[in-house]
Amino acid sequence: MSDLHTTPEEKVVILDFGAQYSQLIARRVRECKVYSEIMPGNSTAEEISARSPRALILTGGPGSVYTEDALSADEGIFELGIPVLGICYGHQLIAAHYGGRESVGPASRREYGRTSLELVGEDPLFEGLPGTLDVWMSHGDLVDEPPAGFRVLARSEGTPVAAMAHSELPMYGVQFHPEVGHTDHGLDMLRNWLYGVVGFSGSWNMKSFIEHAIEEIREQVGSGSALCGLSGGVDSAVSAVLVHRAIGDRLTCVFVDHGLLRKDEGKAVTEFFAREMDLNVVSVDASERFLGALAGVSDPERKRKIVGREFISVFDEEAQSLGEFDFLVQGTIYPDVVESGVGGSAVIKSHHNVGGLPEEMRMDLVEPLRELFKDEVRRVGAELGIPEAILTRHPFPGPGLAVRVLGEVTAAKLDTLREADAIFEQELRAADLYHDIWQSFVVLPDMMSVGVMGDQRTYAATAVLRAVTSEDAMTADWARIPSSVLDIVARRIINEVPGINRVAYDITSKPPATIEWE
Ligand code: XMP
């Protein structure tokens with residue numbers, strides 16, 4: 001085991017029992033300025049103590065302590081002499097360890113969702129909190145009675161032991177989920193546990209994350225070389241800069257300009273990374289190749305496949321011509337990680353430009369942002385000196401404008417769309433609305449309509465404005481942009497973009513629509 005893992009830092013190990021919320025727990029711990037690492041729930045006490053944590057969190061999970069094949073903890077973890085906090089299934093594991101399996105039973109009434117919690121007595125875990133709280137429950141089993149040595153700290157109508165602590169040992173269990181936003185004061189409880197019970201000082205921050213990530217990248221890459229596909233998006237940008245800090249010129253970045261980017265985007269991206277960040281960037285102008293491959297194709301799925309396929313070929317050809325690389329840097333962030341748990345095989349970001357590399361190009365992946373959420377990636381980026389304009393730009397799909405020019409994609413339509421799109425972005429920024437919106441763009445449907453400009457009849461294209469608010473792109477609502485702003489955007493587009501005589505605003509949410517039109 002490397003030094004990296006044996007340094008006794010202010011570290012919590014989170015043992016993952018297959019919880020939906022493991023990464024959320026890690027994130028909350030980071031919010032409390034404490035470093036955490038996630039390990040599989042069934043790691044041995046030896047493996048865990050090799051990482052020198054000062055405390056353990058046992059997560060929830062789908063298992064049941066009285067099912068033989070349920071993922072269980074090594075009993076040795078309770079002998080490590082460090083504080084343990086069990087959450088949901090983790091709480092039941094603690095009860096089963098100290099009180100035997102019989103102390104856990106199926107709940108007579110399952111509790112899911114918001115539940116009122118009543119605190120019993122005083123404890124550092126609930127320091128400064130009101131006596132009744134709404135908490136988030138999601139469980140089928142529960143602890144019927146506290147095991148010997150434990151006292152009840154909180155209960156709810158359906159859960160007699162909703163929180164418990166050992167009188168002498170630093171063992172805590174909570175049946176509810178303090179990590180989710182629906183639990184009142186959940187973060188305060190975690191902070192109380194981390195600071196008041198374990199004794200962390202809360203000195204960890206994004207700078208520490210960067211230092212740690214750099215060490216880890218160095219350890220993984222050794223004296224090898226790495227290749228990174230830059231897309232202009234925040235995730236690949238932050239990953240590239242981070243890896244560059246770790247291994248310098250042994251990183252080569254490839255930027256494939258497929259000609260389906262927003263106005264001036266390609267130039268801005270390459271200039272920024274090469275000039276400002278001193279990265280070794282190879283830029284490939286493949287726009288003609290992509291346009292050629294897309295000629296005559298109007299089916300959305302075929303267009304996507306063509307862009308994906310061409311992208312991989314161009315990237316692959318470029319990589320081959322640049323020589324041999326040992327590693328591929330990917331900007332995978334936590335929401336992209338399909339598999340749960342750590343240590344499973346790496347998943348290539350399926351939504352990503354570099355997705356599905358050919359077999360012969362398989363390189364080991366370096367994914368320094370794998371455990372972070374988007375807002376954390378932005379904070380890391382800011383700390384690395386990446387400008388706001390790159391960090392806060394709206395998400396952009398891999399197939400680019402090919403899915404926003406509906407029907408056949410041509411160079412002329414792309415130019416028209418780019419101009420209209422740039423005006424929409426400029427006006428949203430001018431109205432100070434850009435940052436309140438998850439994504440905004442213009443779509444060019446494959447249709448013409450009649451208009452009148454001056455005294456002339458026109459027969460020209462329609463530009464559709466799309467702007468949505470969202471948390472994570474899974475659901476979205478159309479943004480309530482003031483009509484005065486829509487008015488300016490529409491007038492400017494009609495006046496400044498030849499070939500457009502009509503502007504519409506899409507007022508459909510997702511579902512039933514998707515954010516993109518194709
Ligand atoms: P939809 O249109 O499905 O999009 O509501 C959800 C989010 O995903 C983005 N998107 C993509 N991103 N490659 C990407 O990298 C793609 O093929 C792709 N398709 C959609 C979309 O812009 C939105 O943010």
Side-chain angles (χ1 to χ4, degrees), residues 228-240 254-262 265-266 269 290 293-294 297 299-312 314-315 328-338 347-357 367 369-370 373-375 377-378 390-406 409 417-418 421 424-425 428 434-445 464-479 506-518:
C228 177
L230 278 182
S231 69
V234 55
D235 304 338
S236 68
V238 174
S239 305
V254 172
F255 175 70
V256 176
D257 185 347
H258 50 21
L260 304 164
L261 297 165
R262 291 168 284 195
E265 190 170 9
V269 170
F290 278 82
L294 287 166
V297 180
D299 176 70
E301 277 311 301
R302 272 194 67 208
K303 289 202 284 188
R304 278 175 176 276
K305 289 218 171 72
I306 289 169
V307 176
R309 184 194 69 206
E310 289 301 315
F311 191 94
I312 290 160
V314 174
F315 189 83
L328 179 71
V329 179
Q330 281 238 116
T332 316
I333 67 171
Y334 179 64
D336 306 319
V337 178
V338 191
V347 179
I348 299 224
K349 189 174 179 180
S350 57
H351 235 42
H352 194 274
N353 288 342
V354 194
L357 290 174
E367 298 179 304
L369 310 177
R370 214 182 145 75
F373 289 77
K374 195 84 175 186
D375 59 312
V377 173
R378 292 202 174 104
I390 291 187
L391 296 178
T392 60
R393 194 136 198 215
H394 289 169
F396 189 64
L401 302 184
V403 291
R404 295 183 182 169
V405 167
L406 311 190
V409 181
L417 176 57
R418 266 193 277 266
D421 190 68
F424 192 24
E425 181 172 335
L428 289 177
Y434 188 79
H435 296 303
D436 301 332
I437 290 171
W438 167 268
Q439 218 169 349
S440 61
F441 52 88
V442 173
V443 177
L444 202 64
V464 178
L465 311 178
R466 178 77 163 141
V468 296
T469 52
S470 176
E471 289 288 319
D472 51 13
M474 300 297 289
T475 58
D477 197 7
W478 59 280
D506 178 353
I507 53 164
T508 332
S509 60
K510 170 185 179 174
T514 50
I515 296 176
E516 304 289 346
W517 274 42
E518 283 195 338

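Every number for a ligand or one of its atoms is a count from 1 in the order of the listing. The model shown is predicted, which means the values in this text are computed figures rather than measured ones.
For I515, a nitrogen or oxygen atom sits less than 3.5 Å from a nitrogen or oxygen atom of ligand 1, counting backbone and side chain alike. For ligand 1, one of its N or O atoms has an N or O atom of G398 under 3.5 Å away.
For atom 23 (C) of ligand 1, the nearest non-hydrogen atom from the set R404, Q439, H394 belongs to Q439. Nearest to atom 2 (O) of ligand 1 by heavy atom, out of E518, M474, E516, K510, is E516.
How far NE2 of H394 is from CZ of F441: 10.5 Å, rounded to the nearest 0.5 Å.
Environment of CZ in R309: crowded, with over 12 heavy atoms of neighbouring residues, nucleotides or ligands closer than 6.0 Å.
Ion pairing between R404 and E518 fails under the 4.0 Å rule for side-chain N and carboxylate O.
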Legend entry - Worked check of side chain to side chain contact (heavy atoms under 4.5 Å, CB included) between F311 and L260: CA-CA 11 Å; F311 191 94; L260 304 164; over 6 Å; no

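Atoms of ligand 1 lying under 4.0 Å from at least one heavy atom of R304, given by number and element, are 16 (C), 17 (O), 18 (C), 19 (N), 20 (C). Close approach of ligand 1 to P399 is summarised as follows: ligand atoms under 4.0 Å from at least one heavy atom of the residue are 13 (N), 16 (C), 17 (O).
With contacts defined as side-chain heavy-atom distances shorter than 4.5 Å, the pair K374/V234 qualifies.
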